[in-house]
Amino acid sequence: MKAIQIANPGGPESLRLVEIERPIPAPNQVLIEVRAIGVNYVDIYYREGIYPAALPLTPGQEGAGVIVEVGDQVEKFRVGDQVAWCMYLGAYAEYAVVPEYHLVHLPATIDFEQAAAILLQGMTAQYLATSTFSLKPGNTLLLHAAAGGVGLLLTQMAAQAGAHVIGTVSTEEKAELARLAGAQDVILYTHQDFEYEVKRITGGRGVDVVYDSVGKTTFERSLKCLRPRGMLVLFGASSGPVPPVDPIHLSLNGSIFLTRPSLAHYTLTRAELDARSGDVFGRLGSGKLQLRIHQKFPLVDVVRAQEELQARRTTGKILLIP
Ligand code: NDP
């Protein structure tokens, strides 16, 4: 089968197309014929070696397809089932073995491309909006990269919860998409001082919560955008990792809370995975959530797909098709 492998972490050129043996599912695993692969920013951290992994590595943490083989002791899944998964490496390939624990069935209303485009980013937006900070009418939030994959979904969920969304983006085109998704205020943080703008928009009060996945270039000023006892949710590092923080800064900025959540810890049980994925698929199937697939690339064009994402030229989701 064809797969993408990384032998030495580094730039996009370290993504190599190889021909390898089709894997065999171990106990508790299934073999999936992959129909669509979700590209996520986390794939770039793995490619660059920021997240360590055994090499050679087949990257990709999200996909959808049909089960073609089932290992021993698999309980809830059968050959022929249409499924999706996330948070398990090996998606950039024609076939992938995935533990049963990570799988969800596709509802009839959701096709492979939709599933591979929404599962990881949709469940992320869902836990950020409902669990890390439970958004309510009257809340005001600052969301960086509001026109990105997670950004557009979180903007919609936050606006639907009745919260006032202030989004940041790098271009006018992205600003328009963030507004269409429900952001009431949009700041072009590449041209405007977002800390000043947030203070202006909130009449000096600050926001209840900041969702910051940009990291290095935004973190310091994100702290200053919060109201007293507000919460900074640092959930990514698209511009690079944040240096160590002295806890006194949490006090000096208004006894604020800082959390660094991960989807893995918000899908700890089968019940939690089913509830979050069911909520996301339900919102998509009922038309409450709009999904934006920015571009689909053939698997062999993986280098171009990751270059586009890293160069900030994408909005919404990127897919690879085997
Ligand atoms: P996006 O589609 O949001 O792409 C990243 C965006 O970040 C860019 O489009 C860009 O938007 C913005 N950005 C700002 N500075 C930079 C920079 N220097 N280089 C590149 N991009 C930059 O990606 P995803 O939706 O896949 O992921 C968004 C973030 O959420 C990532 O940091 C990811 O790691 C994180 N994440 C965290 C999860 C968790 O559970 N903790 C789960 C899923 C994702 P603009 O041009 O508008 O600035």
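Indexing begins at 1, ligand by ligand and atom by atom, following the structure's order.
Near Y45, meaning under 4.0 Å from one of its heavy atoms, ligand 1 places the atoms 31 (C), 32 (O), 33 (C), 34 (O). Short contacts between ligand 1 and G236, defined as distances under 4.0 Å to a heavy atom of the residue, involve ligand atoms 32 (O). Listed by number with element, the atoms of ligand 1 under 4.0 Å from a non-hydrogen atom of R260 are 41 (N). Close approach of ligand 1 to K174 is summarised as follows: ligand atoms under 4.0 Å from at least one heavy atom of the residue are 9 (O), 11 (O), 45 (P), 46 (O), 47 (O). Interface of V214 with ligand 1, defined as ligand atoms under 4.0 Å from a residue heavy atom, comprises 14 (C), 15 (N). Of all the atoms in ligand 1, the ones that sit under 4.0 Å from a non-hydrogen atom of Q121 are 24 (P), 25 (O), 26 (O). Less than 4.0 angstrom separates some heavy atom of V169 from each of these atoms of ligand 1: 47 (O). Ligand-side atoms of ligand 1 in range of A237: 32 (O), range being under 4.0 angstrom from any heavy atom.
Note: the hydrophobic cluster containing Y189 does not contain L141 (ILVMFWY, side chain heavy atoms under 4.5 Å, direct or indirect links).
Any N or O atom pair closer than 3.5 Å counts here, and N40 shares no such pair with ligand 1.
Residue-level proximity to ligand 1 for H144 is absent, since no heavy atom of it falls below 4.0 angstrom. Residue contacts with ligand 1 for S238 involve both N, CA, C or O and side-chain atoms from C-beta outward (heavy atoms, distance under 4.0 Å). The part of Y127 lying near ligand 1 is the side chain, judged by heavy-atom distances below 4.0 Å. Under 4.0 angstrom from ligand 1, there are no non-hydrogen atoms of A146. The proximity of A311 to ligand 1, defined as any non-hydrogen pair under 4.0 Å, does not occur for either the backbone or the side chain. Contacts with ligand 1 closer than 4.0 Å are made by heavy atoms of both the backbone and the side chain of V150. By the criterion of a heavy-atom distance under 4.0 Å, the side chain of T124, and not its backbone, is placed next to ligand 1. The residue M87 has no part lying near ligand 1, judged by heavy-atom distances below 4.0 Å. When heavy-atom distances to ligand 1 are checked against a 4.0 Å cut-off, L309 comes that close only through its side chain, counted from C-beta outward. No part of T190 comes within 4.0 Å of ligand 1, judged by heavy-atom distances.
A donor-acceptor contact under 3.5 angstrom links the side chains of S131 and R276, judged on distance only. A side-chain donor-acceptor contact under 3.5 Å links H105 and D81. Neither side chain, N28 nor E100, offers a donor N or O lying under 3.5 Å from an acceptor on the other. Between the side chains of T218 and D212, at least one donor N or O lies within less than 3.5 Å of an accepting N or O. In the model, T132 has a side-chain atom that pairs as donor or acceptor with a side-chain atom of Y266 under 3.5 Å. In the model, R283 has no side-chain atom that pairs as donor or acceptor with a side-chain atom of Q290 under 3.5 Å. Looking at K224 and S222, their side chains never bring a donor and an acceptor atom within 3.5 Å of each other. No hydrogens or angles considered: nothing links the side chains of H294 and T314 as a donor-acceptor pair under 3.5 Å.
Across the listed options A145, G149, S262, A145 owns the non-hydrogen atom lying nearest to atom 6 (C) of ligand 1. Ranked by closest heavy atom to atom 47 (O) of ligand 1, the top entry among A264, A178, S170 is S170. The option with the heavy atom closest to atom 28 (C) of ligand 1, from among G148, S213, G215, G240, is S213.
Contact check on R304 versus E307 returns no salt bridge, with no Lys/Arg side-chain nitrogen under 4.0 Å from an Asp/Glu carboxylate oxygen.
Taking a 4.0 Å cut-off on heavy atoms, G151 fails to register as neighbouring ligand 1. For the pair L120 and ligand 1, a heavy-atom separation below 4.0 Å is found.
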Exercise for the section: Would you check, one step at a time, whether the test side chain to side chain contact (heavy atoms under 4.5 Å, CB included) holds for T168 with V186? Expected result: CA-CA 6 Å; T168 63; V186 182; over 6 Å; no
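Distance from atom 35 (C) of ligand 1 to its nearest protein heavy atom, with residue and atom name: F235 O, 3.5 Å. Atom 13 (N) of ligand 1 has as its closest protein heavy atom R312 NE, 3.7 Å. Nearest protein heavy-atom neighbour of atom 20 (C) of ligand 1: Y41 OH, 3.1 Å. Looking from atom 48 (O) of ligand 1 to the surrounding protein, the closest heavy atom is Y189 OH, 2.4 Å.
Here CZ of F194 is found 14.5 Å from CZ of R200. Values are rounded to the nearest 0.5 Å.
Between Y211 and F235, the ring planes lie perpendicular to each other; the angle is over 60°, past the 30° to 60° tilted range. Between Y51 and Y46, the ring-plane angle classifies as perpendicular under the 30° and 60° cut-offs.
Heavy-atom neighbours of Q160 CD from other residues, nucleotides or ligands within 6.0 Å: above the threshold of 12.
The two residues N40 and K317 come nearest to each other via the heavy atoms OD1-NZ, 2.9 Å.
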